[in-house]
There are 2 protein chains.
Amino acid sequence: MPIKSAGGKAVPKFKPVRRDPARTKLRILAAALEEFSRQGFAGGRVDVIARRAGINKRMLYHYFGDKQGLFREVMHRKMVQREAWLVGAPEDPLDILAYWFQVACNDTEWVRLLEWEALQLADAPLANGAKRRASCRRFMERIRKSQRLGRMPKDFDAGQMALTMMALTTFPLAFPQMTWIATGMLPTDPKFQRQRVKFLSQFAAALRPATQSAA
Amino acid sequence: MPIKSAGGKAVPKFKPVRRDPARTKLRILAAALEEFSRQGFAGGRVDVIARRAGINKRMLYHYFGDKQGLFREVMHRKMVQREAWLVGAPEDPLDILAYWFQVACNDTEWVRLLEWEALQLADAPLANGAKRRASCRRFMERIRKSQRLGRMPKDFDAGQMALTMMALTTFPLAFPQMTWIATGMLPTDPKFQRQRVKFLSQFAAALRPATQSAA
DNA sequence: TCCCCTAGTAACCGTCAAGTTACTTGTTGG
DNA sequence: CCAACAAGTAACTTGACGGTTACTAGGGGA
């Protein structure tokens, strides 16, 4: 029975609705991102992904092989997306703090994926390790340059500083309960986010080597 | 058949070995701490806990009701233990950084439990919320006092600063993959830990308001 | 037109894990 | 010494979950 039989408007010819592999794949990936971010890999339920994507579970295995394969694809796409996110960052490493924080606020799914990854590291070595390391190294170069220009204390180790900057921006979102304990707000609260942005600027300012104590 | 029948030495009378509820409970708790810390609540397997504790699974239900109850008890005991841990901390908030970091290094199980908790928050409100908040408030008072004494920038919000200090000390242990990406070492590596301690002191020093640039 | 590959579906399977049942064995107080 | 309760055990139940089987249906090219 063709679908146009019962209702009013006929389905437009130029865009097939009954079958649409690309759309199906995207729906699976979106649902999987949500589920894995919420529940982690082990806790994520394939049936839930399938139901939320509005597709049959079998299709998921058709396109991605197995749960592991689906997860890999989700992570890969997120990383690519993030790389694009981060090109618009400010030049000066200390100015980056507020920017990173705001990006993280708008991508809590990534923060949670990172966290699940952290808890499961031990088993697998590290997905995309070399690439991520290289990208961080590039950032460390910018830190060293900033140190040479006297815009950051010279004695800081660049790696430790990079790690610290991730900590400053990511921690409150990764540990909402700690954010609540310390501030009485959850990290999703816009009020908290404004306060944190302000704090991060003050913090960066305090870190700059004292050339002159400007008014 | 009594146990003394076969082997050589008889079991000492004054300490019953065949039955020892206290020991059994402790063994269960220890195994549960390890398992929950490794795998989280959802991922932790009751059978594994029972096997590692060398007891029958039924006893676990006997003493703790269910998996949830066992988990609660594990968390509760850890919190009590930690409270004791943290009384020996230095007076000055900035000096605390290195101390907190070293405590965390020796209690990675707790860091992981915190992390699992963070990922599952949403469902439950927060275990021991009021108490933890109060304890943090006390610490914030010390921050404010330090600010009054001119040992810390006066414009920092105390809550944000407390959160930041947790971030600086906990993040590298909570995200070993990030530590590796930034430094090429894992946070369990003694070399990394020494480097981090050094960095934290430098960092604290750089944060202190410039009274005089001492040699 | 018809063939064949791909998209899509429903029902099923083996396994695993939380929790229970029904039991045996040790300990202790009267 | 023995009843009664606590400690301990093995085998089972029930439900969920990852993955598969065996099928139907659409649609593009020869």
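The chains referred to below are lettered A, B, ... by the order of the sequence lines, with proteins before strands, and numbering in each begins at 1.
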Q) What is the distance, rounded to the nearest whole Å, between atom CZ of A:R51 and atom P of C:dT9? A) 15 Å

(Q) Which residues pass the side-chain hydrogen bond (donor to acceptor under 3.5 Å, both in side chains) test with A:R27, not counting sequence neighbours? (A) none

Distances for protein N or O near nucleotides 17-19 of chain D N or O, under 3.5 Å:
{"residue": "D:dC17", "atom": "O5'", "partner": "A:R45", "partner atom": "NH1", "Å": "3.3"}
{"residue": "D:dG18", "atom": "OP1", "partner": "A:G44", "partner atom": "O", "Å": "3.0"}
{"residue": "D:dG18", "atom": "OP1", "partner": "A:K67", "partner atom": "NZ", "Å": "3.3"}
{"residue": "D:dG18", "atom": "OP2", "partner": "A:V46", "partner atom": "N", "Å": "3.0"}
{"residue": "D:dG19", "atom": "OP2", "partner": "A:Y61", "partner atom": "OH", "Å": "3.3"}
{"residue": "D:dG19", "atom": "OP2", "partner": "A:K67", "partner atom": "N", "Å": "3.1"}
{"residue": "D:dG19", "atom": "N7", "partner": "A:K57", "partner atom": "NZ", "Å": "2.8"}
{"residue": "D:dG19", "atom": "O6", "partner": "A:K57", "partner atom": "NZ", "Å": "2.5"}

Q: Identify, with sequence neighbours excluded, every residue that meets side-chain hydrogen bond (donor to acceptor under 3.5 Å, both in side chains) alongside A:R144.
A: A:E141

Q) What is the ring orientation for B:F175 with A:F175, classed by angle as parallel under 30°, tilted 30 to 60°, or perpendicular over 60°? A) perpendicular

Q | Contact list for residues 182-203 of chain A, test salt bridge (Lys or Arg N to Asp or Glu O under 4.0 Å), sequence neighbours left out | A | none

Q.
Please enumerate all residues that pass salt bridge (charged side-chain N to carboxylate O under 4.0 Å, His left out) together with A:D47, with sequence neighbours excluded.
A. A:K57

Q: Specify the separation, in whole Å, of atom CG of B:L70 and atom C1' of C:dG19.
A: 14 Å

Q. Roughly, in whole Å, what's the span from CE in A:M59 to C1' in D:dA25?
A. 12 Å

Q. Are OP1 or OP2 of C:dG8 and a side-chain N or O of A:T24 less than 4.0 angstrom apart?
A. yes

(Q) According to salt bridge (charged side-chain N to carboxylate O under 4.0 Å, His left out), who are the partners of B:K67, at least two apart in sequence or on a separate chain? (A) none

Q: Take the C1' atoms of the five end pairs on each side of the helix from C:dT1-D:dA30 to C:dG30-D:dC1, derive the two axes, and give their angle rounded to 10 degrees.
A: 10°

**Q.** Nucleotide C:dA17, atom P - distance to CG of B:L60 in whole Å
**A.** 15 Å

Q) Sequence neighbours excluded, which residues qualify as ring pair (Phe, Tyr, Trp, His ring centres under 6.0 Å) partners of B:F203? A) A:F156, A:F203, B:F199

**Q.** Between P of C:dA7 and CZ of A:R27, the distance in whole Å
**A.** 16 Å

Q. What is the distance from CD1 of A:I55 to P of C:dT9, rounded to the nearest Å?
A. 8 Å

Q) With sequence neighbours left out, what residues match A:R52 under salt bridge (charged side-chain N to carboxylate O under 4.0 Å, His left out)? A) A:E34, A:E35

Q) Taking only residues two or more places apart in sequence or in another chain, which ones pass salt bridge (charged side-chain N to carboxylate O under 4.0 Å, His left out) with A:R132? A) A:E117

Show every donor-acceptor pair shorter than 3.5 Å between a side-chain atom in residues 102-110 of chain A and any protein atom, with sequence neighbours excluded, or say none if there are none.
{"residue": "A:N106", "atom": "ND2", "partner": "A:Q102", "partner atom": "O", "Å": "3.1"}
{"residue": "A:D107", "atom": "OD1", "partner": "A:K78", "partner atom": "NZ", "Å": "2.8"}

Q | Quiz item: B:R58 side-chain donor-acceptor pair to C:dT20 base, under 3.5 Å | A | no

Q) Do the two ring centres, one from B:W116 and one from B:F71, sit under 6.0 Å apart? A) no

What pairs of nitrogen or oxygen atoms, one from the protein and one from nucleotides 3-6 of chain D, lie under 3.5 Å apart?
{"residue": "D:dA6", "atom": "N3", "partner": "B:R19", "partner atom": "NH1", "Å": "3.1"}

